[in-house]
K.L.:
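Pasting a structure below so you can have a look.
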Amino acid sequence: MKILFLNGPNLNLLGQREPEIYGRTTLPEIEAKIRERATKVGAEIDFRQSNLEGELVAWIQQAKGKFDVVVLNAAAYTHTSIALRDAIAATGLPVIEVHISNVHAREEFRHKSLIAPVCYGQIIGFGVHSYVLALEASLNVNVSKKVDK
Ligand code: CA2
């Protein structure tokens with residue numbers, strides 16, 4: 001099982017600002033935690049971050065044939081990006097949407113996810129543990145489940 005973890009804009013700042021919302025764990029620390037867990041369950045992971053919408057789109061396109069599942073924290077692009085939605089819809093891969101914070105308990109503009117309808121499922125609001133849950137969920141993906149794209 002090969003899982004691609006993608007992180008969107010500003011997630012490189014995790015642990016440095018807004019700890020009341022996002023906690024004090026940095027992105028490299030999340031990656032280390034996921035790597036440790038992945039080794040235990042025999043999964044292979046790649047873990048990336050970009051502030052560029054086009055780079056995230058390219059990575060989703062290139063994932064086909066190389067990975068089994070994509071775990072995506074699209075950050076602010078969740079709420080704005082038709083390009084990401086189209087890339088997810090075009091890939092045949094299951095994409096799991098992840099958020100650290102409970103976006104539904106925050107500002108109204110965060111309540112809408114443009115990518116949710118084309119994702120396999122969502123994991124939201126468990127802090128950095130959302131990533132661990134996404135790894136567990138990836139191991140249990142049913143490839144024949146139809147996502148209405
Ligand atoms: O809760 C999440 O995981 C989010 O995807 C995080 C995004 C936000 O736009 C989404 O609505 C929910 C923000 C990521 C930026 O993270 C920062 C971390 C520290 C300081 C500033 C931003």
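Every number for a ligand or one of its atoms is a count from 1 in the order of the listing. Just so it is clear, the structure is predicted and the values come from calculations on it, not from any experiment. The residues of the chain are indexed from 1 along the displayed sequence.
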K.L.:
Quick one: do F47 and L6 satisfy side chain to side chain contact (heavy atoms under 4.5 Å, CB included)? Show the steps, please.
P.N.:
CA-CA 6 Å; F47 198 96; L6 295 182; over 6 Å; no
K.L.:
Relative to the ring of Y131, is the ring of F5 parallel (under 30°), tilted (30 to 60°) or perpendicular (over 60°)?
P.N.:
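F5 and Y131: parallel rings.
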K.L.:
Quick one: which residue pairs count as a ring pair (Phe, Tyr, Trp, His ring centres under 6.0 Å) with a foot in residues 17-37, not counting sequence neighbours?
P.N.:
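Qualifying pairs, neighbours excluded: none.
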K.L.:
Please tabulate, one line per pair, the protein nitrogen or oxygen atoms found under 3.5 angstrom from a nitrogen or oxygen of ligand 1, with distances to 0.1 Å, or say none if there are no such pairs.
P.N.:
{"residue": "ligand 1", "atom": "1 (O)", "partner": "I100", "partner atom": "N", "Å": "3.2"}
{"residue": "ligand 1", "atom": "1 (O)", "partner": "S101", "partner atom": "N", "Å": "2.8"}
{"residue": "ligand 1", "atom": "1 (O)", "partner": "S101", "partner atom": "OG", "Å": "2.6"}
{"residue": "ligand 1", "atom": "3 (O)", "partner": "N73", "partner atom": "ND2", "Å": "2.9"}
{"residue": "ligand 1", "atom": "3 (O)", "partner": "I100", "partner atom": "N", "Å": "2.7"}
{"residue": "ligand 1", "atom": "5 (O)", "partner": "N73", "partner atom": "OD1", "Å": "2.8"}
{"residue": "ligand 1", "atom": "5 (O)", "partner": "H99", "partner atom": "ND1", "Å": "2.9"}
{"residue": "ligand 1", "atom": "9 (O)", "partner": "A76", "partner atom": "N", "Å": "3.4"}
{"residue": "ligand 1", "atom": "9 (O)", "partner": "R110", "partner atom": "NH1", "Å": "2.9"}
{"residue": "ligand 1", "atom": "11 (O)", "partner": "H79", "partner atom": "NE2", "Å": "2.7"}
{"residue": "ligand 1", "atom": "11 (O)", "partner": "R110", "partner atom": "NH1", "Å": "2.9"}

K.L.:
Which pairs, with at least one residue in residues 121-141 and sequence neighbours excluded, count as a salt bridge (Lys or Arg N to Asp or Glu O under 4.0 Å)?
P.N.:
R37-E136
K.L.:
Does the distance from a Lys or Arg side-chain N to an Asp or Glu carboxylate O, for K33 and E36, drop under 4.0 Å?
P.N.:
no
K.L.:
Hey, could you give me each pair passing side chain to side chain donor-acceptor pair (under 3.5 Å) that has a residue in residues 74-83? Not counting sequence neighbours.
P.N.:
E53-S81
